[in-house]
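Heavy-atom basis, side chains included; hydrogens, waters and symmetry copies ignored.
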Amino acid sequence: MAAKERKTFPPYLAFLLFNAAFFMMDTTNSYFQIHLNSIGFTKTMIGTITGTASLVALVFQPVFGVLTDSAKSKNRVLQGMVLMSALLYPLILLNKNFIYILLIYTGYAIFRNFQHPLNTTLSVEYSEQSGKPYGPIRMMGAVGYALMMSLVGVVSAQEKGVEKTFILYSAICLLNILLISLLPRMKGHNRKSEGKKISPMVLFKSKPILMLILFQILINVFTNLCRSYFGIYFTDDMGGSNQLYGTMLSVAAAIEIPFLFMADKFLRKLGPRLMLFILGAITAVRWIVCFFATGTTTLFVVYCGNFINILETVTFALLLSRMVAPQLKTSVQTLSATIQNVASILISSYLGGMLADWIGIRPLFLLSGVMVAVVTVIFCGFVFKFDQNDPALGANE
């Protein structure tokens with residue numbers, strides 16, 4: 001498991017505290033699009049920035065995953081990634097030039113997009129090897145997010161408050177760098193010194209893994225069509241304030257807590273296919289309701305169902321980790337995140353930005369809801385065939 005665990009600080013408690021702080025970094029993300037919108041960027045321009053950054057990051061993520069699986073310390077890799085994103089993100093404020101922001105945000109995305117799969121790898125791997133449940137670890141992310149979102153909402157409501165969220169992000173990053181040092185040292189297993197080395201290319205030969213990742217891609221493409229512009233839809237189209245928007249995000253995160261605490265139990269009781277079907281069906285309903293919304297109250301209520309998306313993320317992470325040998329745990333999580341997060345953001349950013357300018361944001365919700373429903377029925381009804389007796393990929397290599 002973790003070599004030379006610190007006896008002075010309980011490892012499980014360290015992961016709980018770290019995840020609480022780690023997901024605080026996500027609280028400022030929603031204000032990036034709002035900032036670009038406020039300085040006069042069109043939705044197509046916003047989509048081009050986020051999409052191009054994702055495309056470039058797409059090239060780096062698999063490389064980072066392979067390197068991390070063979071690293072002496074995954075903790076050090078994560079600290080380096082957090083530090084780089086902390087240095088780059090506030091630089092966006094220094095210039096309003098489109099090309100400048102595109103370049104800086106792309107550099108930021110390269111390091112930021114890898115942090116989530118790496119954190120997932122560390123947390124899930126520790127959970128599996130220690131026998132401790134993963135749900136409460138991820139739940140602390142919701143706790144930290146909810147608490148910090150309350151502060152971010154207040155900050156964003158001040159004069160030049162949206163700009164202040166960029167500085168706040170860097171401060172949260174520094175807290176995370178300190179907390180990572182409390183974690184037990186987690187090393188990569190895909191090294192000769194560990195006994196055997198497995199090529200990550202074997203992941204592309206596994207149909208169950210590829211089908212699960214494909215499902216993630218499709219769900220996230222249509223979900224991100226809504227999520228990417230939800231902040232603008234809530235504030236500009238529906239007249240909600242930045243502070244109310246922040247309050248909504250905070251309340252939604254707080255509601256996630258009990259559900260994340262039971263995530264492992266839900267998966268064991270329902271089974272992978274039924275679990276994914278229920279989550280997909282509710283997601284579809286949420287976006288369709290947003291299409292018919294007439295005010296911020298409905299959007300507030302719908303967004304409070306964000307725990308569904310978080311449960312999807314937890315379910316995907318647990319299923320993928322169980323499907324592979326220890327040597328491939330970072331690689332499979334990175335492959336998943338690269339394709340289902342970066343690739344889906346790439347598609348939804350470019351396509352979503354153009355559609356939002358051409359037809360408006362509201363119709364995107366209806367399109368997304370219908371497509372999520374179709375994808376969920378096809379995959380959960382006819383494609384997925386999970387067999388828990390199958391050996392982990394790479395275990396017999």
Side-chain angles (χ1 to χ4, degrees), residues 19 116-117 120-121 123-139 141-142 202-203 205-223 255-287 305-326 328-329 331-333 335-337 339-341 344 369-396:
N19 272 269
H116 276 284
T120 298
T121 299
S123 301
V124 172
E125 185 175 352
Y126 175 79
S127 172
E128 292 176 342
Q129 296 176 355
S130 66
K132 305 287 187 179
Y134 172 64
I137 293 178
R138 182 59 184 82
M139 176 197 71
V202 300
L203 294 172
K205 300 178 181 179
S206 172
K207 184 177 179 180
I209 289 176
L210 293 179
M211 287 299 100
L212 182 58
I213 292 177
L214 178 59
F215 179 68
Q216 290 178 284
I217 295 172
L218 296 173
I219 293 295
N220 280 279
V221 162
F222 297 113
T223 293
I255 294 175
E256 294 169 9
I257 295 173
F259 290 95
L260 285 170
F261 189 76
M262 299 181 288
D264 302 77
K265 295 181 181 178
F266 285 153
L267 183 56
R268 286 196 300 270
K269 185 173 182 179
L270 298 175
R273 187 159 62 175
L274 182 56
M275 178 82 165
L276 292 174
F277 178 81
I278 293 174
L279 296 176
I282 298 176
T283 298
V285 171
R286 289 178 66 210
W287 300 138
N306 195 56
F307 66 89
I308 296 298
N309 299 95
I310 304 302
L311 284 177
E312 286 177 340
T313 301
V314 171
T315 301
F316 290 139
L318 291 174
L319 290 176
L320 287 171
S321 185
R322 294 170 187 175
M323 287 177 163
V324 300
L328 299 173
K329 289 189 181 294
S331 293
V332 74
Q333 298 291 354
L335 177 64
S336 168
I339 299 177
Q340 65 101 6
N341 281 335
S344 68
V370 172
M371 293 309 299
V372 167
V374 171
V375 169
T376 299
V377 170
I378 292 175
F379 275 79
C380 295
F382 305 99
V383 177
F384 288 143
K385 294 180 180 179
F386 295 102
D387 188 348
Q388 302 198 10
N389 295 319
D390 288 341
L393 181 66
N396 298 323

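Here Met275 contributes atom CE and Arg268 contributes atom CZ; the two are 11.0 Å apart, rounded to the nearest 0.5 Å. Atom NZ of Lys132 is separated from atom CD1 of Ile137 by 9.5 Å, given to the nearest 0.5 angstrom. Note that the CG atom of Leu218 and the CD1 atom of Ile213 stand 12.0 Å from one another [nearest 0.5 Å].
A 4.5 Å side-chain heavy-atom check between Ile219 and Leu279 finds every atom pair outside the cut-off. Between Leu210 and Leu214 there is no side-chain heavy-atom pair separated by less than 4.5 Å. Phe316 is listed as a side-chain neighbour of Leu276, based on a closest heavy-atom distance under 4.5 Å.
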- request: For the pair Lys269 and Lys265, evaluate side chain to side chain contact (heavy atoms under 4.5 Å, CB included) and give the outcome as yes or no after the intermediate values.
  value: CA-CA 6 Å; Lys269 185 173 182 179; Lys265 295 181 181 178; 6.0 Å; no
task: Apply side chain to side chain contact (heavy atoms under 4.5 Å, CB included) to the pair Leu320 and Gln216, showing each step before the final yes or no.
output: CA-CA 11 Å; Leu320 287 171; Gln216 290 178 284; 4.0 Å; yes
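Nearest heavy atoms, Leu311 versus Ala263: CD2-CB, 3.8 Å. Nearest heavy atom pair, residue Thr376 against residue Gly280, reads OG1-CA, 3.5 Å. The two residues Ser127 and Pro133 come nearest to each other via the heavy atoms OG-C, 3.5 Å. Smallest separation of non-hydrogen atoms from Phe266 and Phe259: CE1-O, 4.0 Å.
Using modelled atom types and a 3.5 Å distance limit, the side chains of Asn309 and Thr223 yield no donor-acceptor pair.
For the side-chain hydrogen bond (donor to acceptor under 3.5 Å, both in side chains) test, residues two or more places apart in sequence or in another chain that qualify with Asn306 are Arg227, Glu256. In terms of the side-chain hydrogen bond (donor to acceptor under 3.5 Å, both in side chains) criterion, residue partners of Thr283 (sequence neighbours excluded) are, by chain and number, Glu312. Taking Phe215 as the reference, Phe379, Phe384 meet the ring pair (Phe, Tyr, Trp, His ring centres under 6.0 Å) condition, with sequence neighbours excluded.
Checked by atom type and distance alone, the side chain of Thr120 pairs as donor or acceptor with a backbone atom of His116 at under 3.5 Å. No side-chain donor-acceptor contact under 3.5 Å links Ser321 to the backbone of Ala317.
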